[in-house]
Engineer: 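Let me give you the structure first, and then I'll get to my questions.
Scope of the values below: all heavy atoms of this structure, side chains included, with no hydrogens, waters or symmetry mates. In what follows, chains are A, B, ... by sequence order, proteins preceding strands, each numbered from 1. Model, not experiment: these values are computed from the prediction.
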There are 2 protein chains.
Amino acid sequence: MSPRSPTPRRRATLASLAAELKVSRTTISNAYNRPDQLSADLRERVLATAKRMGYPGPDPVARSLRTRKAGAVGLVMTEPLNYSFSDPAALDFVAGLAESCEDAGQGLLLVAVGPNRKVSDGAAAVLSAGVDGFVVYSASDDDPYLQVVLQRHLPVVVVDQPQNISGTSRVCIDDRAAMAELARYVVELGHREIGLLTMRLGRDRPHGTGKPVVASAERLETPLFHVQRERLHGVYDAMTEAGLAPQSLTVVESYEHQPTSGGLAAEVALAANPRLTALMCTADVLALSAMDWLRAHGIYVPGQMTVTGFDGVPEALRRGLTTVRQPSLEKGRRAGHLLHSPPRSGLPVLDVLPTELVRGRTSGPPV
Amino acid sequence: MSPRSPTPRRRATLASLAAELKVSRTTISNAYNRPDQLSADLRERVLATAKRMGYPGPDPVARSLRTRKAGAVGLVMTEPLNYSFSDPAALDFVAGLAESCEDAGQGLLLVAVGPNRKVSDGAAAVLSAGVDGFVVYSASDDDPYLQVVLQRHLPVVVVDQPQNISGTSRVCIDDRAAMAELARYVVELGHREIGLLTMRLGRDRPHGTGKPVVASAERLETPLFHVQRERLHGVYDAMTEAGLAPQSLTVVESYEHQPTSGGLAAEVALAANPRLTALMCTADVLALSAMDWLRAHGIYVPGQMTVTGFDGVPEALRRGLTTVRQPSLEKGRRAGHLLHSPPRSGLPVLDVLPTELVRGRTSGPPV
DNA sequence: ATGAAAGCGCTAACAT
DNA sequence: ATGTTAGCGCTTTCAT
């Protein structure tokens, strides 16, 4: 009854198909890759036999080996997943990158690198990723995976980490200038006692606590996370210009990234310096949470407290937060584009995207 | 000065390293894969030479071909990206899957399948994905990519699509029962004139419009998107039980997925039937947007209008929405787990996750 | 502990 | 239009 079992013991390959049809392997290959190289008739027969034998077409891995193309881009994000997937700005970046990959017909491989894994495991994941290039997002300056990525000698685009790395293109914004502009605005409103709520400044957690803490002087000297550092220095710039002592800035660092981090940080900041009249935050998510906390404690914004954010995520704009809007989605698109269509020159590109100060309803003169 | 150029013309391979060191390729391979198979001394020399020659270790693709393991899982999501990345429930699923992959040391490949691409391109992406298995998420019943995935003869886990597909495991919730329970609650509150706001019911857009529209009788007969269909029928179930005519349900379909879709849909529903006292939504994002629209139009919730959602996303819970909480993150984890650690039996598994009715502050008796 | 040989499944020259 | 030949870079028996 069954001249041929529907699920053959051994998986069909191009060679077995060729044998079955008594043609050469090239012909089978052509049937899939160069339809014009063989008669429509033969091609039909090939495809029909393939279907009958359950042959899904050329094996992707073998093809990749031969063509030296994997058809995918690797994304290396060192941040915890719960960060990447809970910060709309980070998410927008991934979405933009995914969109760009989709348009280019490339897959996007999320490389299994995360804070839960040993660095050696993460490194192994980078070394065994079948991709044509990498995007490295928001790494700290001493990111161990960046080095591993570089070893692969594949095209690399680094995002949000302005350090000049030989031969890699970069996409970023001018965090320092953008933050300075925002801080200048706050200072010009008359604020003198300012708090800055930041994400984590270094790989190692500050004390041992999971709660936000006031950043020590030493910690402020060498923030390893570029983005946080630049934004911090942006505030310093504006303060210095206005004759304020940068040391007077109360900096509170949230190591963990929780929905309530901003509120907890606000509490810590106000406890450290009750005279604060403005809370600047290095991310909208921090600012929104801080606003919730302030409201719950009867502190009116902007009447009694000015609050600012950074990123320009939808919820922040909806709630009228004074912030800096950055094109996160576009960042992702550009990074992908740089990988898929590298500049003719072959030279690395530095792509600094514009930002925009958004004067919202959460800032005003101090009381 | 330079006995050996730092960046050799041709990329180093395992073979070139072997030649350089005058040992066999096996030895090099062992240095990376079976450190105990050679003297620590020789291994050191191999690694040192590798570093000198810029050899990043065994080529992942070649290794994959040989070992028949890609070290990655493919995720096929037919929905538009702006959907997947804007609905927290979908996102949680991806996060859960990513987490599971990370724990297993596997990459997660987002396959370039999307509504912007021709189906043939998407199919090609599926056929050329270098993965060890697939997760197919929330496909419509006639999803063309599902067939292509099946062709690959790789392990497959289908999520949110209960149709029995030969040999594939499934992770889902009982959408129909959960929605019926919620609808029963609404009906018991006394509501008789109910509106249901749904996501798209079919692949093809209803009319030609981008706006939400009242779903025609024909359209309601064969909703292709399983999840929407099940939730719709859940409402029918509760209505029938209470002696209400299912046809009296005003169903409004949002084909596009925008942040304001829920509000637009609410407007359409109320225009179609001004006597509605309850708006049930098949997703929290729809319900939240509807609530915003109602508030903007002076319609008090729950005093003048009961609103319910589905999913239990954080914002919904925060805002006290009456909804069904489903474990989206866990869905992702389970799907990953099923792929990484398939049941010993080799038999397909059906994993129905529990849901929970959340009686919030947005539901009450009709006026 | 190290090496030789045999492929994994495919594509790209180069014939014919 | 179809076939022949030669690898892509690696792992894995099986010898030594």
Engineer: Reading DNA chain C 5' to 3', which nucleotide is the first, and which the last, to come under 4.0 Å of any heavy atom in chain B?
Structural biologist: C:dA1 to C:dG9
Engineer: Which residue is it: B:V111, B:V119, B:V136? I am looking for the one with a side-chain contact (heavy atoms from CB on, under 4.5 Å) to B:Y145.
Structural biologist: B:V119
Engineer: Could you pull out all residues at least two apart from B:E99 that satisfy salt bridge (Lys or Arg N to Asp or Glu O under 4.0 Å)?
Structural biologist: B:R333
Engineer: Give a yes or no answer on whether the side chain of A:T49 reaches the backbone of A:R45 with a donor-acceptor pair at less than 3.5 Å.
Structural biologist: yes
Engineer: Report which part of the nucleic acid B:V23 touches: base, sugar-phosphate, or nothing (heavy-atom distance under 4.0 Å, all strands).
Structural biologist: sugar-phosphate
Engineer: Any luck finding a side-chain donor-acceptor pair between B:S100 and B:H340 under 3.5 Å?
Structural biologist: yes
Engineer: So, applying side-chain contact (heavy atoms from CB on, under 4.5 Å) with A:Y137, which one of A:L97, A:D160, A:V171 is it?
Structural biologist: A:D160
Engineer: Is it the case that B:N30 and B:R43 place a side-chain donor and acceptor less than 3.5 Å from each other?
Structural biologist: no
Engineer: Side-chain donor-acceptor pair under 3.5 Å between B:D142 and B:S140, yes or no?
Structural biologist: yes
Engineer: Keeping B:R170 on the side-chain end and B:L350 on the backbone end, is there a donor-acceptor pair under 3.5 Å?
Structural biologist: no
Engineer: For every nucleotide of nucleotides 7-16 of chain D, 5' to 3': is a protein heavy atom under 4.0 Å from its base (B), only from its sugar-phosphate (S), or from neither (-)?
Structural biologist: BBBBBB----
